[in-house]
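Numbering starts at 1 and runs along the sequence shown. Indexing begins at 1, ligand by ligand and atom by atom, following the structure's order. None of these values were measured; they are calculated from a predicted model.
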Amino acid sequence: MDKKGQKRQGYLSWDEYFMGVAMLSGMRSKDPHSQVGACIVSEDNKILSMGYNGFPKGCSDDEFPWGREGDPLDTKYLYVTHSELNAILNYRGGSLEGAKLYVSLFPCNECAKAIIQAGIKTIVYDCDKYADTPSVIASKKMLDAAGVRYYKYNRTDREITIKV
Ligand SMILES: Nc1ccn([C@H]2C[C@H](O)[C@@H](COP(=O)(O)O)O2)c(=O)n1
Ligand SMILES: [Zn+2]
């Protein structure tokens with residue numbers, strides 16, 4: 001059949017688009033071990049905010065520690081802001097009630113609290129590599145209790161290459 005006058009095929013689905021944006025955002029992270037990205041989307045599929053894991057403003061990426069082990073004060077964990085929290089805090093538009101969150105790694109318990117309190121109702125996540133940790137188990141308990149829906153992103157075979 002003649003395809004003239006018909007829409008292009010093979011365009012990105014909404015989930016591919018928003019997870020792609022979340023992953024692109026994660027590429028800004030300076031964390032040498034885990035780069036996490038988040039994208040918050042309205043109920044009518046408008047991008048509201050984005051974030052990635054990094055130190056708070058004024059805390060230099062070159063002076064604060066990126067290590068994972070040793071004295072807690074010398075590891076990143078006490079200092080880094082998670083991508084989801086950054087995306088929530090970056091939003092300047094008012095309410096996130098009913099919004100969807102696309103995130104490359106399942107939210108921890110602290111981010112779950114912020115997600116619930118912000119009114120986000122759906123989480124689409126890619127990786128769940130810390131599923132067995134108390135933090136993620138507690139996160140799921142709270143999300144379940146608060147009625148926040150979450151589902152794993154269905155990876156497609158699509159490779160997105162952008163030359164910049
Ligand atoms: N849902 C999450 C979980 C973790 N992060 C951040 C926090 C750290 O920068 C990194 C995890 O480090 P790892 O223990 O894998 O070396 O990812 C986040 O932004 N969102
Ligand atoms: Zn978190």
(Q) One residue to check: V36. Relative to ligand 1, which of side chain, backbone, both or neither has a non-hydrogen atom less than 4.0 Å away? (A) side chain
Q | S83, P107, C127, A87: member with heavy atom nearest to atom 19 (O) of ligand 1 | A | S83
**Q.** Full working for side chain to side chain contact (heavy atoms under 4.5 Å, CB included) between Y79 and C59
**A.** CA-CA 9 Å; Y79 309 108; C59 303; over 6 Å; no
Q.
Do D128 and K140 have side chains that approach each other closer than 4.5 Å (heavy atoms only, starting at C-beta)?
A. yes
**Q.** Heavy-atom closest pair, residues L101 and E84
**A.** CD2-CG, 4.0 Å
Q: Determine how many protein N/O/S atoms sit closer than 2.8 Å to the Zn ion (ligand 2), leaving waters out since they are not shown.
A: 3
Q: May I ask you to list the atoms of ligand 1 that are less than 4.0 angstrom from any heavy atom of V80?
A: 7 (C), 8 (C), 9 (O)
Q) How far is atom 12 (O) of ligand 1 from its nearest protein heavy atom, and which residue and atom name does that atom have? A) K76 NZ, 3.0 Å
Q. Taking atom SG of C111 and atom CD1 of I116, what is their separation to the nearest 0.5 Å?
A. 11.0 Å
Q. Can you tell which of E84, H33, Q35 gets a heavy atom nearest to atom 2 (C) of ligand 1?
A. E84
Q) Which ligand 1 atoms, with their elements, are less than 4.0 angstrom from a heavy-atom of F106? A) 1 (N)
Q | N/O donor-acceptor pair under 3.5 Å between R158 side chain and G10 backbone | A | yes
(Q) Please list the nearest protein heavy atom to atom 3 (C) of ligand 1 with its residue and the distance rounded to 0.1 Å. (A) L105 CD2, 3.5 Å
Q) Is there a donor in the side chain of N53 and an acceptor in the side chain of S83, or the other way round, less than 3.5 Å apart? A) no
Q. What is the closest protein heavy atom to atom 6 (C) of ligand 1, and at what distance does it sit?
A. N53 ND2, 3.6 Å
(Q) Which residues end up grouped with Y102 if you chain together Ile, Leu, Val, Met, Phe, Trp and Tyr wherever their side-chain heavy atoms are less than 4.5 Å apart? (A) L12, W14, Y17, F18, M19, V21, M23, V41, I47, M50, V124, Y151, Y153, I160, I162, V164
Q.
Taking atom CG as the centre, does D71 end up with more than 12 heavy-atom neighbours from other residues, nucleotides or ligands that are less than 6.0 angstrom away?
A. yes
Q. What protein heavy atom is closest to atom 11 (C) of ligand 1, reported as residue, atom name and distance in Å?
A. S34 CB, 3.7 Å
Q.
Could you check whether D15 and S13, counting side-chain N and O atoms only, form a donor-acceptor pair closer than 3.5 Å?
A. no
(Q) Geometry only, no angles: is Y77 polar-contacting ligand 1 at N/O separations under 3.5 Å? (A) yes
Q: Identify the two heavy atoms, one from E97 and one from E43, that lie closest to each other, and give their separation to 0.1 Å.
A: O-OE1, 4.2 Å
Q: Kindly say whether A87 contributes a backbone atom to a donor-acceptor pair with the side chain of S49 at under 3.5 angstrom?
A: yes
Q) Looking only at heavy atoms of Y52, does any of them come nearer than 4.0 Å to an atom of ligand 1? A) no
Q.
To check your reading of the model: name the closest protein heavy atom to atom 9 (O) of ligand 1, its residue, and the distance in Å.
A. D31 OD2, 2.6 Å
Q: Ignoring hydrogens and angles, state whether a donor on the side chain of K141 or N109 is under 3.5 Å from an acceptor on the partner side chain.
A: no
